[in-house]
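Taking it in order: structure first as structure tokens, then the write-up.
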Amino acid sequence: MTVKEVKTATRSRENKVDVLTQYQQERGQSKEQLHMVVIGHVDAGKSTLMGHLLYSLGQVNKKTMHKYEQESKKLGKQSFVYAWILDETGEERSRGITMDVGQSKFETATKVVTLLDAPGHKDFIPNMITGATQADVALLVVDATRGEFETGFESGGQTREHALLVRSLGVSQLGVVVNKLDTVGWSQERFEEVVGKLGAFLKQAGFTESNVTFVPCSGLTGENLTSPPSEDMLLQWYKGPCLLDVIDKFKAPERPVTKPFRLSVNDIFKGTGSGFCVSGRVETGMVQVADKVLVQPQNEGAVIKGLSIDDVAVQVAFAGDQVSVTLAGIDMQNVAVGYILCDPTQLIPVTSHFEARIVVFNIKVPITKGYAVILHHQSLVEQAVITKLVAQLNKSSGEVIKRQPRCLTRNSNAVVELEMSHPICMELYRDIKELGRFMLRVGGITVAAGLVTQV
Ligand code: GDP
């Protein structure tokens, strides 16, 4: 398509979607993108499950796998072999794995799935939280072993906490892996018991029944991961999809091409010709060469001189594309990482004060008024203070439990007000999801994650 054709075709909002489709075909991107986070109680078998899945899909080379098998045999821990695939901390083991393109990408029939912060052993919890703030969908893994499911599900277990966390962060589609079913003789009764208990809880937690799919598996034996069951005892009663098909059936988020253009700057560098380049993700809308844009919060105009995706020059880029942009008409000093390029006719709100709904994590010191934090919003890192505790909320229903609480303790949900040290670009979560979520950290530890409710 020529620039002129694109201009004409995208004049109406509806047509933008058609143009996107055409471009995806031209660029050979026929599969939808999906970001998935894996959650669940420690030892539920998350690493083993995902490692086995990646292995079955050919993401790990045979030689590496063979080495793991030898090593694990020596240690008498054959069962750990798949978990090692995801265990980045063992440097020796991670070398040689074919995971250049991001170790945790795999494909289903219709999707390219990115595993967010794969559940490596040590740092899983903090990573899971980071992952949860970017996830489109989640996979909840529970251990079906008698007594173990109960431990993970009852108080102190992480099953409930994780499910509530992803729901609070806007994830609405959930796959539930009823794992280690080999330990209970592939019992249908046990599967249904877990489905019954967990299903009732998830409904309470705000998940719609039609958005939750339960799937019986064994990460260890590989049963029902990437192909229909071969185990007779499971075949007798289970006729549903395997795990890979469950993931394939998730609805990919729509690429928000009809929303106003926003690109968050991740990097700035000198280009080859005149002007300079910034790179980042088009969060919403679309952008074309020769478009005028505004750089916020600096409020400086600029012109798009060139666009490229994966080092290939393009005329247009859409929501979801990672692009390099050559800018002209603006000084390099007036752009910084974390800034947003936006449509000058549809400005992004700039504010130093906003209200948000937050999920407080497992913190030692309760949050009180005046609590200083570091706010992470896209690539922006900025100092902030919690200036007001508006209300504490019920974790499942979101109802107000207490107005103006004196403090917020671990694992609570609340509405708070924040004051930034500088004005920043912020969107309401309900308008533009991608720019309406953030994390709060103190001393390198994530203390809370949140969604912007008012600016
Ligand atoms: P994570 O903490 O959730 O990542 O759990 P791991 O993957 O590390 O697994 C915890 C333990 O459960 C390990 O000893 C695994 O070998 C074992 N395990 C994992 N999946 C299965 C399974 O499907 N069946 C059986 N019997 N054991 C499993």
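Within the 4.5 Å cutoff, side-chain heavy atoms of Asp232 are placed close to those of Leu235. A 4.5 Å side-chain heavy-atom check between Leu49 and Leu243 finds at least one atom pair inside the cut-off. Under the 4.5 Å side-chain criterion, counting only non-hydrogen atoms from C-beta, Asn179 is in contact with Cys217. Contact check for Asp143 versus Asp43: no side-chain heavy atoms found under the 4.5 Å cut-off. Side-chain contact check for Val282 versus Phe261: some heavy-atom pair is nearer than 4.5 Å. Under the 4.5 Å side-chain criterion, counting only non-hydrogen atoms from C-beta, Asn266 is in contact with Gln322. Within the 4.5 Å cutoff, the side chain of His66 has heavy atoms near those of the Gln70 side chain. For the pair Asp136/Phe250, no side-chain contact is recorded, criterion being any heavy-atom separation below 4.5 Å from C-beta on.
At least one donor-acceptor pair closer than 3.5 Å links the side chain of Arg190 to the backbone N or O of Thr145. At distances below 3.5 Å, at least one donor-acceptor pair connects side-chain atoms of Glu223 with backbone N or O atoms of Ser230. Proximity of a side-chain donor or acceptor of Lys251 to a complementary backbone N or O of Gln173 within less than 3.5 Å is not detected. At least one donor-acceptor pair under 3.5 Å links the side chain of Ser187 to the backbone N or O of Glu189. Proximity of a side-chain donor or acceptor of Thr108 to a complementary backbone N or O of Lys111 within less than 3.5 Å is detected. In terms of modelled atom types and a separation under 3.5 Å, the side chain of His41 and the main chain of Gln158 share a donor-acceptor contact. With hydrogens and angles ignored, the 3.5 Å screen pairs a side-chain donor or acceptor of His52 with a backbone N or O of Gly219. Using a distance-only test at 3.5 Å, with no hydrogens or angles considered, no donor-acceptor pair links the side chain of Thr368 to the main chain of Cys407. Within the 3.5 Å criterion, the main-chain N or O of Pro216 finds no donor-acceptor partner in the side chain of Trp186.
In this structure, a donor-acceptor pair under 3.5 Å is absent between the side chains of Glu417 and Thr387. Between Ser421 and Glu382, the side chains place a donor N or O and an acceptor N or O closer than 3.5 Å (distance only, hydrogens not considered).
The residues Asp321 and Arg255 are annotated as salt-bridged, a charged nitrogen and a carboxylate oxygen being separated by less than 4.0 angstrom. Under a 4.0 Å N-O distance rule, the pair Lys197/Glu150 qualifies as a salt bridge. Here Arg262 does not pair with Glu434 in a salt bridge; the nearest charged N to carboxylate O distance is not below 4.0 Å.
Taking all atoms of both residues into account, the shortest heavy-atom contact from Trp237 to Leu181 is CZ2-CD2, 4.0 Å. Of all non-hydrogen atoms in His162 and Gly40, the two that sit nearest each other are ND1-N, 3.0 Å. Looking at every heavy atom in both residues, Leu389 comes nearest to Ile367 through CD1-O, 3.8 Å. Nearest approach of Gly152 to Thr159, heavy atoms of both residues: O-OG1, 2.9 Å.
Other residues, nucleotides and ligands place more than 12 heavy atoms under 6.0 Å from the CD atom of Gln33. Heavy-atom contacts from other residues, nucleotides or ligands closer than 6.0 Å to NZ of Lys239 number more than 12. Residue Arg430 qualifies as open at atom CZ: its count of foreign heavy atoms under 6.0 Å is 12 or below.
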Determine, stepwise, if the pair Met36 / Phe106 fulfils side chain to side chain contact (heavy atoms under 4.5 Å, CB included).
CA-CA 11 Å; Met36 185 170 84; Phe106 63 92; 4.2 Å; yes
With side chain to side chain contact (heavy atoms under 4.5 Å, CB included) as the test, would you mind laying out the steps for Leu57 and Leu244 before giving the verdict?
CA-CA 10 Å; Leu57 293 172; Leu244 194 67; 3.9 Å; yes
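Here Phe207 pairs with nothing under the ring pair (Phe, Tyr, Trp, His ring centres under 6.0 Å) rule; sequence neighbours left out. Scored by the side chain to side chain contact (heavy atoms under 4.5 Å, CB included) test, Ser397 finds Asn394, Glu399 as partners (sequence neighbours excluded).
Checking each of Leu418, Val415, Val452 against Glu355 for a side-chain contact (heavy atoms from CB on, under 4.5 Å) leaves exactly one that passes, namely Val415.
The aromatic rings of Phe201 and Phe153 lie perpendicular to each other, with more than 60° between the two planes, well past the 30° mark. The aromatic rings of Phe438 and Phe354 lie perpendicular to each other, with more than 60° between the two planes, well past the 30° mark.
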